[in-house]
Amino acid sequence: MISAIRRLRLLLAPLALVALLAACSPAEPLNLPLTFQKDIQLPKDTVGLPAIDLLTLDSPSGRLYVPHGSANTLEIIDVKTAQVIGSVPNLPGIKATALSSDPNIVFTANGSDGSVSVVDVKLLKVLDNIKMGTSADAIDYDPVQGLIIVSLDSKSLGFIDEKTRKALGKMPLPGKPELRAVDSQGMVFQAINDKDEVLLIDPVARAVVKTYKGCDIKSPTGLAFDSDQQRLFVADAIPHTANVVSVIDVLLDRCLGTIDVDHSPDQAAFNSHLHHLYVANAGSNNVTVIDTVALKPVGVAGTGKQAATIAADPLTDTVWVAAARSGIIAKYHDP
């Protein structure tokens, strides 16, 4: 004998199915924030699993630089053809790449020996090695001052003159540096992961001008700066709770709130054309897309495993994500 509750369930089941099919009908397609276009397989590792670190995209040159740390190589991808067009060897434990005023010269941070290499990407050749510390991590270019800025030994920043390729000295930090952003005036925003703060640094004076705390800044990782709106976006990998992006109006020195993202956010990339922020969530294998004007999430796009690093091209509205576990760079288009 069928109970009254079970009879009701049997009656409602077809209605639920009709509702589900209606929701998934062609009349109302899913609004995906990114459109997948292609997977690009990097050269295979000879030993062990692949390791890929911070992506850097040079829009004017149409090149994506991929630090292939497990192979000690810098892979170069042509943005138009979405193909690997070159590989530079002998970069021990390469972590990241900084651009320069010369489109054919980049600087790489080498994690294994603390050196910064000067690389001619046209000749696929290392021109010089600058010893900076025992380990090196994130590296960026300040075009206003003509400086290369690199994280060293988890405790300081090193500075290099891009023209002379000479080390200019170091600046001690109060904690462990994560990623950074450089504004249009050449000022540097530096995430300090273990101090739950972001520093505003004058790279010429090598001094901290301001410290940003609060606004749910906890274990900050990736940074992005929207110069049009003077807004700083901080990806926070808050332990044991929901992860967020903190939004700070640096002109008014005011917290504008936080935006939810997924687990273990890492590198963030900004598209100045669409005013979209892309946050690579390594813990949940996806990318959160955020409208930086409305300060609302647009949606989430799935990726491969260990998708911690990301780059965006405002000229083509493409987004590039490294699925480190597979040794793959995935190309997406927005939308």
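Sequence positions, counted from 1, serve as the residue numbers for this chain. None of the values given here were measured: they were computed from a predicted structure.
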**Message:** Between Leu200 and Val188, is the side-chain contact (heavy atoms from CB on, under 4.5 Å) condition met? List the steps.
**Reply:** CA-CA 6 Å; Leu200 178 62; Val188 178; over 6 Å; no
**Item:** Test item: Asp262 side-chain N/O and Ser284 main-chain N/O as donor-acceptor pair under 3.5 Å
**Value:** no
**Message:** With a sphere of 6.0 Å drawn around NZ of Lys305, does it hold more than 12 non-hydrogen atoms of other residues, nucleotides or ligands?
**Reply:** no
**Complete:** Residues Asp142 and Pro203: closest non-hydrogen pair is OD2-CG, 3.5 Å
**Item:** The single option from Asp291, Thr292, Asp334 passing side-chain hydrogen bond (donor to acceptor under 3.5 Å, both in side chains) against His276
**Value:** Asp334
**Common cluster, Val182/Leu168, ILVMFWY with side-chain heavy-atom separation under 4.5 Å** = yes
**Item:** Verify same cluster id: Leu91, Ile76 (apolar side-chain graph, 4.5 Å)
**Value:** yes
**Asked** Take atom NE2 in His333; do more than 12 heavy atoms of anything else shown fall under 6.0 Å from it?
**Response** yes
**Request:** Report the C-alpha separation of Asn110 and Ser112 in whole Å, then their side-chain angles, then the decisive distance to 0.1 Å, and conclude whether the side-chain hydrogen bond (donor to acceptor under 3.5 Å, both in side chains) test is met.
**Result:** CA-CA 6 Å; Asn110 305 318; Ser112 295; over 6 Å; no
**Fill in**
Residues Ala330 and Asp39: closest non-hydrogen pair is CB-OD1, 3.4 Å
**Item:** Criterion side-chain contact (heavy atoms from CB on, under 4.5 Å) on His273 and Leu315, from CA distance to verdict
**Value:** CA-CA 7 Å; His273 172 226; Leu315 296 182; over 6 Å; no
**Request:** Report yes if the side chains of Ile105 and Leu127 come closer than 4.5 Å at any heavy-atom pair, otherwise no.
**Result:** yes
**Heavy atoms from other residues, nucleotides or ligands near NZ of Lys155 exceed 12 (cutoff 6.0 Å)** = no
**Fill in**
Of all heavy-atom pairs linking Gln229 and His275, the shortest is NE2-ND1, 3.9 Å
**Prompt:** Any side-chain heavy atom of Lys163 sitting closer than 4.5 Å to one from Ser101?
**Reply:** yes
**Asked** Quick one: are Asp236 and Asn243 in side-chain contact, heavy atoms under 4.5 Å?
**Response** no
**Prompt:** Just how far is it from atom CG of Leu147 to atom CZ of Phe159, taken to the nearest 0.5 Å?
**Reply:** 7.0 Å
**Message:** Donor-acceptor pair, distance only, cut-off 3.5 Å: does the side chain of Asn271 make one with the backbone of Leu274?
**Reply:** yes
**Closest contact, heavy atoms only, Ser135 versus Asp153** = N-OD1, 2.8 Å
**Asked** Does the Ser326 side chain pair with the main chain of Ile328, one donor and one acceptor, at a distance under 3.5 Å?
**Response** no
**Asked** Taking C-beta and beyond as the side chain, do Trp320 and Leu57 meet within less than 4.5 Å on heavy atoms?
**Response** yes
**Asked** Out of curiosity, does Leu199 fall in the hydrophobic cluster containing Ile217 (side-chain heavy atoms, cut-off under 4.5 Å, transitive links)?
**Response** no
**Prompt:** NZ/Lys195 to NZ/Lys218 distance, rounded to the nearest 0.5 angstrom?
**Reply:** 16.0 Å
**Prompt:** Any link between Val234 and Leu295 through a network of hydrophobic side chains (Ile, Leu, Val, Met, Phe, Trp, Tyr) touching at under 4.5 Å?
**Reply:** no
**Prompt:** If you measure from NZ on Lys80 to CZ on Arg63, what distance do you get to the nearest 0.5 Å?
**Reply:** 11.5 Å
**Request:** Before giving the answer on side-chain hydrogen bond (donor to acceptor under 3.5 Å, both in side chains), spell out for Ser115 and Asp113 the whole-Å C-alpha distance, their side-chain angles and the decisive distance to 0.1 Å.
**Result:** CA-CA 6 Å; Ser115 67; Asp113 66 359; 2.7 Å; yes
**Prompt:** Could you walk me through whether Asn193 and Ser219 pass the side-chain hydrogen bond (donor to acceptor under 3.5 Å, both in side chains) check?
**Reply:** CA-CA 5 Å; Asn193 184 263; Ser219 301; 4.7 Å; no
**Request:** For Gln267 and Val279, indicate whether the former's side chain and the latter's backbone hold a donor-acceptor pair under 3.5 Å.
**Result:** no
**Asked** Centroid-to-centroid, Phe225 to Phe189, below 6.0 Å?
**Response** yes
**Request:** Show which residues join Leu179 in its hydrophobic cluster (side-chain heavy-atom contacts under 4.5 Å, direct or indirect), or state none.
**Result:** Leu54
**Prompt:** Below 4.0 angstrom, N of the basic side chain to O of the carboxylate: do Asp253 and Lys210 qualify?
**Reply:** yes
**Request:** With sequence neighbours excluded, give me every ring pair (Phe, Tyr, Trp, His ring centres under 6.0 Å) pair touching residues 71-108.
**Result:** none
**Check: Leu157 and Ser151 side chains under 4.5 Å, non-hydrogen atoms** = yes
**Asked** Run the side-chain hydrogen bond (donor to acceptor under 3.5 Å, both in side chains) check on Asp313 and Ser59 step by step: do they pass?
**Response** CA-CA 6 Å; Asp313 184 4; Ser59 292; 2.7 Å; yes
**Fill in**
dist Leu74:CG -> His68:NE2 (nearest 0.5 Å) comes out at 11.0 Å
**Check: Ile40 and Ile77 side chains under 4.5 Å, non-hydrogen atoms** = yes
**Asked** Do Arg325 and Leu49 come close enough that some side-chain heavy atom pair is under 4.5 Å?
**Response** yes
**Request:** Determine the minimum heavy-atom distance between Gly304 and Ala323, stating which atoms define it.
**Result:** CA-CB, 3.9 Å
**Request:** Rounded to the nearest 0.5 Å, what's the gap from OG on Ser227 to CG on Leu232? Could you check?
**Result:** 12.0 Å
**Request:** For Gln83 and Asp78, run side-chain contact (heavy atoms from CB on, under 4.5 Å): C-alpha distance rounded to whole Å, both residues' side-chain angles, the deciding distance at 0.1 Å, then the answer.
**Result:** CA-CA 6 Å; Gln83 293 181 339; Asp78 183 282; 5.5 Å; no
**Request:** Locate the shortest heavy-atom distance separating Val88 from Leu124; write the atom from each residue and the value.
**Result:** CG2-CA, 3.8 Å
**Request:** Check whether more than 12 heavy atoms from other residues, nucleotides or ligands sit under 6.0 Å from atom NZ of Lys331, and answer yes or no.
**Result:** yes
**Message:** Around atom CG of Asn90, are there more than 12 heavy atoms from other residues, nucleotides or ligands closer than 6.0 Å?
**Reply:** no
**Message:** With a 4.5 Å cut-off on side-chain heavy atoms, are Tyr332 and Gln37 touching?
**Reply:** no
**Message:** Go through it in stages, so that I can follow the logic: the residues are Leu277 and Val245, the test is side-chain contact (heavy atoms from CB on, under 4.5 Å), and I'd like the CA-CA distance, side-chain angles, deciding distance and then a yes or no.
**Reply:** CA-CA 10 Å; Leu277 178 73; Val245 168; 4.2 Å; yes
**Request:** Give a yes or no answer on whether the side chain of Thr73 reaches the backbone of Ser87 with a donor-acceptor pair at less than 3.5 Å.
**Result:** no
**Asked** Is a side-chain N or O of Ser70 found less than 3.5 angstrom from the main chain of Ala51, in a donor-acceptor match?
**Response** yes
**Request:** Give, for atom CZ of Arg165 and atom OG of Ser117, the distance between the pair rounded to the nearest 0.5 Å.
**Result:** 11.5 Å
**Message:** Taking Lys95 first and then Asp53, would you say they form a salt bridge - that is, a charged N and a carboxylate O separated by under 4.0 Å?
**Reply:** yes
**Request:** Please say whether more than 12 non-hydrogen atoms of neighbouring residues, nucleotides or ligands are located less than 6.0 Å from NZ in Lys38.
**Result:** yes
**Asked** Do the side chain of Asn72 and the main chain of Gly93 share a donor and acceptor less than 3.5 angstrom apart?
**Response** yes
**Item:** Cationic N near anionic O, under 4.0 Å, Asp140 to Arg180
**Value:** yes
**Request:** Going by the side-chain contact (heavy atoms from CB on, under 4.5 Å) test, name the single residue among Val126, Asp120, Val119 that passes it with Leu123.
**Result:** Asp120
**Hydrophobic cluster identity match, Val121 and Ile85, side-chain contacts under 4.5 Å** = yes
